[in-house]
Amino acid sequence: MNDVGRKPPPVDLEGFRLRRFLDTLGPEELVRHDAPVDLADVAGALEGNPRAVLFSRAGPQGAEMCANVLASRKRMALAFGTTPQGLLAEVLRRLKTPPEIIEVCREAAPVQQVVLQGDDADLTALPVHLQHRHDGAPYISASIDFALDPATGWTNVGIRRLMLRGRRKAGVDLTVPSDLRAILEAYTRRGEPLPVAFVIGSHPADYVAATMRLPVDELGLVASLRGAPLPVVKCISNDIRVPADAEYVLEGCIDTQSPPEPEGPYGEFLGYYGEVKRNPFFRLTAITRRSDALFQAATISGRSLHHTDTAQLNALRVEAVAMSALETAVRGVQGVYATAATGGSFHVRVALRQRVPGEARNAIAAVMGCLANVKHVFVVDPDIDIFSDQQIEWALATRFQADRDLVVQSGYRAMPLDPSVAGERTWAKAGFDLTLPFLTAGQSRPISLCVPEPPRYQGGRRASLEAALAEGPKYFEELMAATGSRDGREIVLQLDALEGLERDAEGRYFLK
Ligand SMILES: Cc1cc2nc3c(=O)[nH]c(=O)nc-3n(C[C@H](O)[C@H](O)[C@H](O)COP(=O)(O)O)c2cc1C
């Protein structure tokens, strides 16, 4: 087809704006603080808060900022147009959709409506608050990093916090193995600084994409997870392309030649402080933003991890990775859920319909091995709701024998932020097989393994009690249904009057 004269494809530059998502949230999901707030009061307003928070006038600059946006599975699900239970399936479906990326010119890119360079580019003019009492400094916490991998030319996307160190300097935590760290090492070997762009304030799907580590151009991952064409624009001081509809972009480089400097301590995603580390730092060259930009912060630590952005994001990523490992290990996986209360990666629950005995253990092995940060794996039958703490508690209490159903393995690479590791380099993992005894084909479940539920009185008829019993052994509920009883006590009296009435091992009535 001849493309001459064809208009560029239309791309929505507002539909995936962070502000637009917040506008969809009702008061049960979003609390608005319209009065001025000091940055010193922001952390207290977020601690343990189940809702997203929008501050209209934060700090002396009266900046608009939001936080805790992704700190609930419900809000994450709303951003993906689904339910908390359907979220993983929707994310997996979108991951398979081919991405479409549309480059827009700088004039059209909302995120470049304001360009600040030189002395005007100032990290300390952004509404960045101290998150935890002993943090080393205020941290930019909802920063999505975009960098180009020199080996492939692809864009790598991740989330990395930034510790404010000055107007144009911030520490970056890059101690954990990651693709960005590998890219940084390549630039270090070449003796060049690593160009990077940090996006702050973006659609929830962009944050989910940033947590994934896949061998693809991760700009495409952002587009796939949005489920829509992704408008991108080139940064003004380097060749990195970023979402053109974001709120803020911090452009600059990570210094690869200066010695690393102390970074931290910082309240970490397991609910304890991470120690001071030696990390490289970011040098700012420009800030670009929308003219009415909305800053974003992510919650991470404390006693209510389930109400933090970090745990909810981690959990979804863990579920996606675990699901793909399970797909090769077993069949019959009915669901996977990682609990946010543990920081999002330590406890993974799997609902499994076992086809043959032992599959629960295969599932445990697959999930234990697929991610370093998975510590405990719980496998249940499909009748257990993996999203319900109460049902998991019940299954652990009643379907588990510690000397038979516990799988303990040691010597795995440790997650050092876990205080129970106590300085060791390896740690233990455990699997809990919470499935009921396996039934072979043709074996019916004994009543002692059936879960009581209210009677359903299915197939209501108006037969006589004798006729119903003549059909074969029946539970009391079945006798009520067969005779059309809406009470039951009259059946007791009729049974009492019957000659030759017997009970089988399951308690069903029959006539000899
Ligand atoms: C809110 C949040 C903050 C994070 N901060 C950091 C961080 O400061 N340093 C880090 O190494 N990983 C951090 N992570 C994890 C990485 O973003 C994640 O491992 C990502 O997949 C790395 O991407 P990459 O391997 O493509 O570079 C964070 C994750 C979340 C959800």
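Just follow the structure's listing: the first ligand is 1, and inside any ligand the first atom is 1. Numbers here are sequence positions counted from 1.
- Taking 4.0 Å as the cut-off, Leu174 does not count as a neighbour of ligand 1 on heavy-atom distance.
- Taking the centre and axis of the six-membered ring of Tyr412, the NZ or CZ atom of Lys429 falls inside the cone set by 45° and 6.0 Å.
- Using a non-hydrogen distance threshold of 4.0 Å, Arg181 does not register as a contact of ligand 1.
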side-chain hydrogen bond (donor to acceptor under 3.5 Å, both in side chains) evaluation trace for Ser291 with Gln113: CA-CA 6 Å; Ser291 47; Gln113 282 163 350; 3.1 Å; yes
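- At under 3.5 Å, a nitrogen or oxygen of Arg161, whether backbone or side chain, sits near a nitrogen or oxygen of ligand 1.
- The shortest heavy-atom contact between His134 and Tyr273 is N-OH, 2.8 Å.
- Using a 4.0 Å cut-off between a side-chain N of Lys or Arg and a carboxylate O of Asp or Glu, Arg349 and Asp389 qualify as a salt bridge.
- Ion pairing between a basic and an acidic side chain is recognised when a charged N comes within 4.0 Å of a carboxylate O; Glu261 and Lys277 show no such pairing.
- Close contacts between ligand 1 and Leu313 involve ligand atoms 31 (C) [criterion: under 4.0 Å to a heavy atom].
- Considering only non-hydrogen atoms, atom 15 (C) of ligand 1 lies nearest to Ile159 out of Leu316, Thr211, Ile159, Asn279.
- Salt bridge status for Arg57 with Glu64: absent, with no side-chain N to carboxylate O gap under 4.0 Å.
- Taking any N or O of Arg317, backbone or side chain, none lies under 3.5 Å from an N or O belonging to ligand 1.
- The contact set between ligand 1 and Leu180, taken as ligand atoms under 4.0 Å from a residue heavy atom, comprises 27 (O).
- When each of Val249, Val233, Leu250, Leu116 is paired with Thr288, the side-chain contact (heavy atoms from CB on, under 4.5 Å) condition holds for Val249 and for no other.
- Salt bridge annotation for Arg290-Glu14: present, with a cationic side-chain nitrogen under 4.0 angstrom from a carboxylate oxygen.
- Checking Asp179, Leu194, Val196, Val172 one by one against Leu184, the side-chain contact (heavy atoms from CB on, under 4.5 Å) holds for a single residue, Leu194.
- In this structure, atom 26 (O) of ligand 1 lies nearest to the protein heavy atom Asn156 OD1, 2.9 Å.
- For ligand 1, the atoms sitting less than 4.0 Å from at least one non-hydrogen atom of Glu218 are 26 (O), numbered in the order shown with element in parentheses.
- For atom 20 (C) of ligand 1, the closest non-hydrogen atom of the protein is Ala210 O, 3.6 Å.
- When only non-hydrogen protein atoms are considered, atom 11 (O) of ligand 1 lies nearest to Asp173 O, 3.5 Å.
- Between Ser141 and ligand 1, no N or O atom pair is found at a separation short of 3.5 Å.
- Not close to ligand 1: Asp145, with no non-hydrogen atom less than 4.0 angstrom away.
- Proximity annotation for atom 22 (C) of ligand 1: of Arg160, Met163, Arg213, Arg160 comes nearest, heavy atoms only.
- For ligand 1, the polar-atom distance check against Val176 finds no nitrogen or oxygen pair separated by under 3.5 Å.
- Taking a cut-off of under 4.0 Å to the non-hydrogen atoms of Val157, the atoms of ligand 1 that pass are 23 (O), 26 (O).
- Of all the atoms in ligand 1, the ones that sit under 4.0 Å from a non-hydrogen atom of Asp179 are 24 (P), 25 (O), 26 (O), 27 (O).
- Taking every heavy atom of both residues into account, Ala286 and Ala121 meet most closely at CA-CB, 4.1 Å.
- Classification of Arg17 and Glu247 as a salt-bridged pair holds, one side-chain N sitting under 4.0 Å from a carboxylate O.
- Within 6.0 Å of the CZ atom in Arg190, the count of heavy atoms belonging to other residues, nucleotides or ligands exceeds 12.
- For atom 8 (O) of ligand 1, the nearest protein heavy atom lies closer than 4.0 Å.
- Nearest protein heavy-atom contact of atom 1 (C) of ligand 1 is Thr310 OG1, 3.5 Å.
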